Amino acid sequence: MPKVSVGRDRLFEALGKEYNLCFEFGLELDDVATEEDEVIYKVEVAANRYDLLCFEGLVRALRIFKELDQIPKYSVFDIPRESMLKIHVKPETALVRPYVVSAVLRDITFDQASYKSFIDLQDMLHQNICRGRTLVAIGTHDLDTIQGPFTYEALPPTEINFVPLKQVKSFRGDELMKFYESDMKLKKFLHIIEKSPVFPVIYDCNRTVLSLPPIINGAHSAISVHTKNVFIECTATDLTKAKIVLNTMVTMFSVYCKRKFEVEPVEVISSDGHSCVYPDLSAYNMEVPLSKITGRIGVSADANQVISLLNRMQLLAEKSVLSGDLCSIIVSVPPTRSDVLEACDVAEDFAIAYGFDNILAQVSSSTQGGGEQSLSQISNLIRLEFAMCGFTEVLTWILCSYKDITSMLNKKDNNSTSVKISNPRSADFEVSRTTLMPGLLKTVRENNHHPKPIKIFEVGDVVLLNEMNDVGARNRHHLAALFCDDHSGFEVIHGLVQRIMEVMDIPCDSDSGYCIKDSDGVEEGEFLPGSKGSIIHKGESVGSFGIVHPEVLGNFKISFPCSYMEIDLQCFFN
């Protein structure tokens, strides 16, 4: 959950008095810190409440909640299209970042606190709804230093040349990628476009670069605390989220404009001639039956009480009579509340305003008995059997390096099994494991000094690609065991396989149970040639065991022979 840092004194000054509102408003005060002799409240807010990610939004919501202010009416300047600033979108942008939306905060007045809050909100949105700038990137510019109309283009990196923010030297697009590789803040965004043949870029009519989204803005149009007119552009791969981000930025900070809560629109003209005007600050109406609001919360409240409480949550509501005693509530959802989508969202806001402490706990009229799934039951039973056989359970990472499941195990990956992490933070966590073997071998390596034998096991998930699944991958529940001593212990692992099958009541019968087949002629990879046995159940291979290949042991720096077994437990529950 995102945490918003606000100064205590500034917060109480804006509210007019000291309050203890966090729980009452459905928020949590996560921490109280002191920074430069100022007490800072760190408030945890819901991840979908983008309007609460800055001081301005938080104060506005709390003042309306305490009925100190009315719900603002947001609007755009009433100006003809021919007088609007325009952004022309080139068709090449479809290759990398197809959408752009824009608006202007005209005649704005910042002070140091509000300017810092303006910058901080961009960072909070980038971390949250923008998903690290992959979906949306925000650019803010001093409109008095640039001139429209603007163009949104996508050009080869070598054709882009400008001075980036906080720099004095001009860089080409490709040079910027190398320059920011060592920048702790910006290097994590480079992967978004660095492999693209074209980079997105925004120019004004004089070919001055405004920004190279989603990496950096140009120094020429940099804003400051003295900026009076702010040009905001949001480039995106998701148009819906771009609109939400733009609406959040302008509604939060239009309070500092000369004409409060009014925003100057910008016309965006696509390459096919179609045009749209942004931002769209119109409210939309939602009709919700009263029973769906009070019934879901389990309280008794009349329409007038519900309307009053919803108004405190910035949802302008009015009563609509259906027939007889039945009525519904027409809710006007403002552009700041993109989290309100359905009746359940309205009911949630009503519950917050009603007060969670005022909702009486009730015992459900229906009772249902829960229980463990069969797979969990057999997993726990097998854990007990392993322990009684003298094996110790280990728990290893589900993520590992790519070489851990390929070259380290004498295997080649044809890109058909492993799920790769798109932007791994470390080379040790590049892919999801396809086998439990690397984790157990690493455990032995790190405990090589322990007395032998080392007998360990693990019961856990592996992840495999699967085009038939809606997410493109599937989890499989595996069990594995490893024996390490001055001899291979093949007979110990073989006996363990037989014991596990006996526990699961699967007979050693090739027709109705399982059988073990020699893997001669089959690529052993991680096993010593001639030692691998395949476990066959109803005609399908469900696991294998054998003596670990010396090369694999060498790859993991293990100097003692090992034997290993692994079984896919879910095969027995299909």
Side-chain angles (χ1 to χ4, degrees), residues 1-66 68-69 72 105 108-133 136-140 165-166 183-186 188-189 214 217 222-225 227 230 232 234 241 244-256 313-314 336-339 352:
M1 303 286 275
K3 297 179 181 64
V4 182
S5 298
V6 295
R8 181 197 62 185
D9 296 341
R10 186 177 174 221
L11 176 64
F12 289 158
E13 181 184 356
L15 294 176
K17 60 182 290 188
E18 294 187 13
Y19 286 104
N20 184 15
L21 284 174
C22 279
F23 184 77
E24 188 180 348
F25 189 64
L27 304 176
E28 181 179 344
L29 182 60
D30 183 73
D31 191 17
V32 179
T34 302
E35 299 176 5
E36 299 179 357
D37 298 327
E38 182 184 12
V39 178
I40 302 295
Y41 285 168
K42 297 187 178 181
V43 183
E44 188 175 274
V45 303
N48 62 349
R49 285 300 301 269
Y50 313 120
D51 59 312
L52 302 180
L53 291 177
C54 63
F55 173 85
E56 289 73 15
L58 191 60
V59 166
R60 191 178 307 163
L62 292 176
R63 286 186 64 85
I64 294 171
F65 182 72
K66 296 302 293 183
L68 300 174
D69 288 339
L105 292 175
I108 193 168
T109 301
F110 287 121
D111 58 20
Q112 287 294 341
S114 58
Y115 177 73
K116 182 179 183 300
S117 182
F118 185 72
I119 301 301
D120 289 344
L121 177 59
Q122 295 176 60
D123 290 337
M124 293 292 287
L125 291 170
H126 279 150
Q127 295 169 26
N128 194 301
I129 184 176
C130 300
R131 295 294 186 269
R133 303 190 190 181
V136 186
I138 310 165
T140 54
L165 194 64
K166 297 182 181 179
D183 188 289
M184 293 303 296
K185 181 179 179 180
L186 295 179
K188 58 186 175 184
F189 306 122
N217 290 343
I223 68 170
S224 70
V225 70
T227 297
V230 180
I232 303 173
C234 301
K241 287 183 170 55
I244 293 172
V245 169
L246 181 66
N247 286 355
T248 302
M249 289 295 299
V250 298
T251 53
M252 292 303 101
F253 286 91
S254 56
V255 67
Y256 298 120
M313 299 299 294
Q314 302 182 69
T336 54
R337 295 300 308 275
S338 60
D339 59 299
I352 293 171

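For the single chain, residues carry numbers from 1 onward in sequence order. Everything quoted here is computed from the prediction, not taken from an experiment.
- Note that the CG atom of L15 and the CG atom of D69 stand 9.5 Å from one another [nearest 0.5 Å].
- In this structure, the separation between CG on N247 and OG1 on T336 is 9.0 Å, given to the nearest 0.5 Å.
- Looking only at side-chain heavy atoms (C-beta outward), L58 and L27 come within less than 4.5 Å of each other.
- Of all heavy-atom pairs spanning N217 and G139, the tightest one is OD1-CA, 3.8 Å.
- Remark: side-chain polar atoms of S117 are not paired, donor with acceptor, to backbone N or O of A113 under 3.5 angstrom.
- With contacts defined as side-chain heavy-atom distances shorter than 4.5 Å, the pair F253/L121 qualifies.
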Side-chain polar contacts of residues 3-13 - donor-acceptor pairs under 3.5 angstrom, sequence neighbours left out - could you list them?
none

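- Residues T251 and R337 fail the side-chain proximity criterion, which asks for heavy atoms closer than 4.5 Å.
- When all heavy atoms of F55 and A14 are compared, the closest pair comes out as CZ-CB, 3.9 Å.
- With values rounded to the nearest 0.5 angstrom, L68 atom CG is found 9.5 Å from L62 atom CG.
- A heavy-atom distance below 4.5 Å is found between the side chains of E56 and S114.
- Between M124 and P2, the shortest heavy-atom contact is CE-CB, 4.0 Å.
- Summarising the geometry of R60 relative to P72, their closest heavy-atom pair is CD-CG, 3.8 Å, with the distance given to 0.1 Å.
- Listed here is the closest heavy atom pair of V32 and V39: CG1-CG1, 3.7 Å.
- Note that the CG atom of D31 and the CD atom of E44 stand 11.0 Å from one another [nearest 0.5 Å].
- Between C130 atom SG and I244 atom CD1 the span is 10.0 Å, to the nearest 0.5 Å.
- Under the 30°/60° scheme for interplanar angles, the aromatic rings of F110 and F118 are found to be tilted.
- K241 approaches I129 most closely through the heavy-atom pair CD-O, 3.8 Å.
- The line from CG of L105 to CE of M252 is 11.5 Å long, rounded to the nearest 0.5 Å.
- The shortest side-chain heavy-atom distance between R133 and L186 falls under the 4.5 Å cut-off.
- Exactly one of V250, V245, I223 qualifies for a side chain to side chain contact (heavy atoms under 4.5 Å, CB included) with I232. That residue is V250.
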